J.: 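After the structure tokens below, expect a handful of questions from me.
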Amino acid sequence: MAFFIALILSLFLFQTVSVAENSIGPFQSINDGTTIVSKDGVFEFGFFSLGNSKNRYVGIWYKKIPVQTVVWVANRCKPINDSSGSLTINSTGNLVLLHQNKSIVWSTSSSKQAKKPIVQLLDSGNLVLRDEEDRSSQAYLWQSFDYPSDTLLPEMEFGWDSRRGLNRKLSAWKKWDDPCPEDFSFGVEVEHDSYPEAYMRKGTATYYRSGPWNGIGVSGAPDLRANHAFDSHYFYVGNSVNYRYNLKNNSVTTIIVLNQTNRLFQHLLWMEGDQSWSVYASSPRDYCDKYGICGANGNCVISETAVCQCLEGFKPKSRVKWDLRDWSEGCIRENPLNCQDGHKVEDDFVKLDGIKMPDTRNRWFNDSMNLKECRIKCLNNCSCVAYSNRDIREEGKGCLIWFGDLMDIRQISESGQELYIRIPPLELGIANAAPKLGARIFIPLLGSLFGALLVCYYFCKKASKGNLVRTLALIIL
Ligand SMILES: *[C@@H]1O[C@H](CO)[C@@H](O)[C@H](O)[C@H]1NC(C)=O
Ligand SMILES: *[C@@H]1O[C@H](CO)[C@@H](O)[C@H](O)[C@H]1NC(C)=O
Ligand SMILES: *[C@@H]1O[C@H](CO)[C@@H](O)[C@H](O)[C@H]1NC(C)=O
Ligand SMILES: *[C@@H]1O[C@H](CO)[C@@H](O)[C@H](O)[C@H]1NC(C)=O
Ligand SMILES: *[C@@H]1O[C@H](CO)[C@@H](O)[C@H](O)[C@H]1NC(C)=O
Ligand SMILES: *[C@@H]1O[C@H](CO)[C@@H](O)[C@H](O)[C@H]1NC(C)=O
Ligand SMILES: *[C@@H]1O[C@H](CO)[C@@H](O)[C@H](O)[C@H]1NC(C)=O
């Protein structure tokens with residue numbers, strides 16, 4: 001009898017202990033009040049509330065940090081209104097969140113059924129569903145890292161995975177105590193066939209963009225480049241690009257969070273000394289980072305009092321509005337491109353350095369072309385307005401060309417990427433300008449001077465009033 005009690009007790013203990021460890025196995029469940037902790041005690045997974053609310057959410061937070069820092073939420077918009085929630089692996093091998101033992105509030109979405117499904121919280125903060133028999137990390141049937149909330153953890157991938165049809169974007173919490181997304185998101189937009197550039201949106205409007213990947217970083221967010229604390233990786237999966245950052249030193253605790261309240265994408269660093277998060281970097285950084293602030297073909301220069309300037313070869317569409325600092329209409333060409341006139345003379349390009357590359361929604365690229373071939377490619381298409389190297393490593397490689405208006409350019413100090421903007425041929429520009437000015441001013445002026453001298457010569461000669469005036473007139477003539 002005692003043996004049986006001991007056996008039952010030990011079974012019971014074994015079960016609770018394993019639950020309190022880092023996994024949920026088949027036929028186990030965790031109720032509100034129980035949590036699982038990752039192996040090294042970094043993260044915790046379970047039920048939590050925010051502020052004074054009675055609403056219960058299921059999510060992952062830092063266990064080792066005293067300030068509640070939730071990095072992922074399962075039932076973001078469907079809180080449970082009491083403590084009757086429970087998590088269990090159902091008979092077809094998905095993790096389900098149940099309310100009062102019956103209604104499914106949330107579940108994982110694995111289409112494959114594991115023989116022995118197990119849910120585990122890893123020290124990276126990733127909650128994974130896998131087959132207990134299959135230890136390979138590639139074989140996750142489902143992972144929370146594929147469904148980010150508002151936080152990007154180190155090792156988490158951000159971007160469009162075309163192979164699996166997954167778009168891992170961030171969406172901010174509505175408020176600090178409501179993890180349901182409102183309308184503020186940051187991610188790669190699949191409809192633009194996922195050029196390595198991420199867009200931040202407020203509703204339907206573009207709010208900020210990262211700038212295109214250039215081999216080292218993105219020109220709009222130089223703060224995300226690798227440094228001594230972390231590595232930045234951009235990598236291709238299929239034909240799409242993804243971003244990830246890895247810590248170089250695990251003693252650092254850092255997260256990237258998208259916040260609806262302050263409308264920022266912030267890189268936060270945990271300060272052991274202060275026991276608080278400190279902001280390492282934010283985007284957008286300033287007024288010039290706001291998407292398209294200077295309109296089409298404008299350049300935002302934060303150090304100027306009138307921050308917006310037209311690109312070389314362009315003028316404000318409406319001079320009056322521009323002077324009143326309403327930049328919204330942007331800039332138009334001063335002189336039309338030669339290409340449009342069907343002339344044989346080639347257009348020219350002006351080089352612009354130290355800028356955030358224009359929006360790549362209207363672009364074409366080729367990785368194996370060099371800059372010279374890129375220039376020719378651009379010249380051969382009248383819709384091409386600018387070109388640049390795609391990758392700035394090793395003196396530059398690849399070709400990126402833009403069509404239509406150049407949007408959202410700003411001056412930045414560190415870029416290393418040069419943009420060549422198409423303008424009408426310089427000689428033609430001058431030749432075009434000369435007759436205009438000449439016809440209006442110089443020709444009549446020269447004509448009247450010539451006439452005056454002729455008249456003078458005649459009269460001066462006739463009057464024989466001294467040789468000096470005559471000689472002078474002769475010399476001038
Ligand atoms: C909680 O939600 C359930 C079902 O969604 C509902 O039946 C119940 O009345 C709610 N309880 C409270 C206290 O709001
Ligand atoms: C288990 O959960 C998944 C996801 O909600 C669902 O599709 C499936 O039908 C559930 N299986 C059973 C037996 O309820
Ligand atoms: C859920 O079911 C278990 C047994 O299946 C039972 O002990 C528990 O009371 C139930 N909880 C609720 C809230 O219905
Ligand atoms: C967003 O930022 C504000 C102000 O910096 C802060 O009070 C709030 O907690 C943040 N919200 C979230 C969801 O982190
Ligand atoms: C990691 O950082 C800690 C504290 O700053 C330092 O003591 C340690 O040497 C670092 N480790 C590595 C591998 O750089
Ligand atoms: C890219 O450029 C290379 C070299 O000029 C060329 O061989 C290749 O066909 C181009 N690819 C496309 C898709 O245009
Ligand atoms: C120029 O580029 C545009 C956009 O890619 C394309 O639609 C058009 O066919 C190109 N024209 C020529 C002449 O290559």
Side-chain angles (χ1 to χ4, degrees), residues 24-33 47-58 73-119 127-132 140-144 146-147 162 166 177-180 192-196 212 215 236 238-241 360 362-381 383-384 387-391 393-403 420:
I24 308 172
F27 316 116
Q28 291 180 330
S29 65
I30 68 171
N31 297 319
D32 196 337
F47 292 82
F48 67 94
S49 288
L50 293 158
N52 293 325
S53 164
K54 286 216 162 52
N55 283 343
R56 301 296 283 166
Y57 294 96
V58 166
V73 186
N75 53 333
R76 293 184 74 176
C77 301
K78 286 179 165 178
I80 293 177
N81 61 9
D82 52 32
S83 58
S84 72
S86 65
L87 283 156
T88 187
I89 295 178
N90 76 3
S91 59
T92 47
N94 270 297
L95 180 68
V96 293
L97 169 59
L98 299 172
H99 185 204
Q100 289 171 342
N101 275 2
K102 40 183 199 286
S103 53
I104 296 181
V105 175
W106 170 89
S107 75
T108 59
S109 51
S110 166
S111 49
K112 221 171 111 195
Q113 186 170 0
K115 278 205 202 87
K116 272 182 90 180
I118 182 170
V119 168
L127 185 77
V128 302
L129 171 66
R130 61 178 181 83
D131 200 328
E132 198 165 13
Y140 297 148
L141 299 166
W142 178 92
Q143 56 176 340
S144 62
D146 283 338
Y147 304 91
S162 60
L166 269 179
D177 61 353
D178 185 355
C180 190
H192 303 297
D193 80 69
S194 56
Y195 192 80
Y236 290 90
N239 60 356
S240 59
V241 82
T360 54
N362 220 343
R363 52 87 192 110
W364 177 93
F365 68 93
N366 180 320
D367 278 332
S368 44
M369 280 181 173
N370 61 31
L371 205 58
K372 216 168 140 192
E373 292 167 317
C374 196
R375 181 193 166 97
I376 293 164
K377 181 83 191 171
C378 185
L379 282 172
N380 286 340
N381 188 324
S383 322
C384 173
Y387 71 93
S388 97
N389 264 141
R390 193 158 126 70
D391 190 331
R393 288 172 296 184
E394 299 159 28
E395 325 228 313
K397 51 188 179 188
C399 170
L400 176 57
I401 68 180
W402 282 262
F403 305 107
Y420 295 85

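Model, not experiment: these values are computed from the prediction. Whatever order the structure lists them in is the order used to number ligands and atoms, beginning at 1. Counting begins at 1 with the first residue of the sequence.
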J.: Which atoms form the tightest heavy-atom contact between Arg76 and Val73, and what is the distance?
T.: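 Nearest pair, atom of Arg76 first, then Val73: CG-O, 3.5 Å.
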J.: Among all protein heavy atoms in this structure, tell me which lies nearest to atom 10 (C) of ligand 2, with the distance rounded to 0.1 Å.
T.: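 Residue, atom and distance for the closest contact: Asn90 ND2, 2.4 Å.
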J.: Can Val58 and Val105 be said to form a side chain to side chain contact (heavy atoms under 4.5 Å, CB included), step by step?
T.: CA-CA 10 Å; Val58 166; Val105 175; over 6 Å; no
J.: Can you pull out the closest protein heavy atom to atom 6 (C) of ligand 6? Residue, atom name and distance to 0.1 Å, please.
T.: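 Of the protein heavy atoms, Asn366 ND2, 4.2 Å lies nearest.
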J.: Between Asp131 (side chain only) and Lys116 (backbone N and O only), is there a donor and an acceptor less than 3.5 Å apart?
T.: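 Side chain of Asp131 to backbone of Lys116, a donor-acceptor pair under 3.5 Å: yes, one is there.
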J.: For Thr108 and Asn94, which I'm curious about, is there any donor-acceptor pair between the side chains at under 3.5 Å?
T.: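 Result is yes, a qualifying pair exists.
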J.: Pair Tyr57, Asp178 - check side chain to side chain contact (heavy atoms under 4.5 Å, CB included), show working.
T.: CA-CA 10 Å; Tyr57 294 96; Asp178 185 355; 3.9 Å; yes
J.: Return the residue, atom name and 0.1 Å-rounded distance of the protein heavy atom closest to atom 4 (C) of ligand 1.
T.: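 In this structure, atom 4 (C) of ligand 1 has His99 CE1, 4.0 Å as its nearest protein heavy atom.
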J.: Glu395 vs Asn389, test: side chain to side chain contact (heavy atoms under 4.5 Å, CB included). Steps then yes/no.
T.: CA-CA 9 Å; Glu395 325 228 313; Asn389 264 141; over 6 Å; no
J.: Please list, in number order, the atoms of ligand 2 under 4.0 Å from a heavy atom of Val96.
T.: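 That gives atoms 2 (O) of ligand 2.
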J.: If you have a sec, work out which protein heavy atom is nearest atom 5 (O) of ligand 6 and how many Å separate them, to one decimal?
T.: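 Nearest protein contact, heavy atoms only, for atom 5 (O) of ligand 6 is Met369 CG, 3.7 Å.
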J.: Is the Trp106 ring parallel, tilted or perpendicular to the Trp142 ring (thresholds 30°, 60°)?
T.: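 Rings of Trp106 and Trp142: perpendicular, as their planes differ by over 60°.
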J.: Are any of the protein's heavy atoms under 4.0 angstrom from atom 2 (O) of ligand 6, yes or no?
T.: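 Flag for atom 2 (O) of ligand 6 set to true, protein heavy atom closer than 4.0 Å.
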J.: Pull out every atom of ligand 6 sitting under 4.0 Å from any heavy atom of Trp364, numbered as shown with elements.
T.: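 Listed by number with element: 14 (O).
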J.: Considering only non-hydrogen protein atoms, determine which one is nearest to atom 7 (O) of ligand 2 and report residue, atom name and distance to 0.1 Å.
T.: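 Checking every protein heavy atom, the shortest distance to atom 7 (O) of ligand 2 gives Asn94 ND2, 5.0 Å.
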J.: Short check: is a protein heavy atom less than 4.0 Å from atom 14 (O) of ligand 6?
T.: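 It does; a protein heavy atom is within 4.0 Å.
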J.: Relative to the heavy atoms of Ser91, which atoms of ligand 2 are at a distance of less than 4.0 Å?
T.: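 Within the 4.0 Å cut-off of Ser91, ligand 2 contributes 13 (C).
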J.: What is the closest protein heavy atom to atom 9 (O) of ligand 1, and at what distance does it sit?
T.: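 Ranked first by proximity to atom 9 (O) of ligand 1 is Asn81 ND2, 4.8 Å.
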J.: Can an N or O of Thr92 be found at a distance shorter than 3.5 Å from an N or O of ligand 2?
T.: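 Yes, Thr92 has an N/O under 3.5 Å of an N/O on ligand 2.
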J.: Evaluate the criterion side chain to side chain contact (heavy atoms under 4.5 Å, CB included) for residue pair Arg130 and Ile118; output intermediate values, then yes/no.
T.: CA-CA 6 Å; Arg130 61 178 181 83; Ile118 182 170; 3.9 Å; yes
J.: Which of the numbered atoms in ligand 2 are under 4.0 angstrom from any heavy atom belonging to Ser107?
T.: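 Near Ser107, the atoms of ligand 2 are 4 (C), 5 (O).
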J.: Go through the side-chain N and O atoms of Ser368 and Asn366 and say whether any donor and acceptor fall under 3.5 Å apart.
T.: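 Note: Ser368 and Asn366 side chains meet the donor-acceptor criterion.
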